[in-house]
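All remarks here apply to the structure that follows.
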Amino acid sequence: MSNNSNRTNVPEAKEAMDRFNMEVANEIGLPLTNGYNGNQTSEQNGSVGGYMVKKMIVAQERQMEGK
């Protein structure tokens with residue numbers, strides 16, 4: 001049995017995460033489309049995810065500092 005951990009725990013957040021994904025891809029110059037992006041390499045797709053995490057960490061640090 002397959003256990004997919006890539007689902008959003010809060011269904012309402014899926015749309016926001018999709019927008020964030022597209023925003024980050026745009027920032028790093030990666031042409032993503034809604035839906036299937038199998039024409040991108042693992043490295044390209046991974047760079048989007050890595051940059052998203054980096055931006056979330058910076059935002060959380062700022063929030064914790066009270067900014």
Worked verdict on Leu32 versus Asn45 for side chain to side chain contact (heavy atoms under 4.5 Å, CB included): CA-CA 9 Å; Leu32 287 186; Asn45 288 323; 4.0 Å; yes

Closest non-hydrogen atom pair, Val48 against Val24: O-CG1, 3.7 Å

Point-to-point distance, once rounded to the nearest 0.5 Å, from CG of Leu30 to OG1 of Thr41: 8.0 Å

Name the atoms and distances for all side-chain donor-acceptor pairs under 3.5 Å in residues 49-60, with sequence neighbours left out.
from	atom 1	to	atom 2	distance (Å)
Lys55	NZ	Glu23	OE2	3.3
Lys55	NZ	Glu27	OE1	3.3
Lys55	NZ	Glu27	OE2	2.9

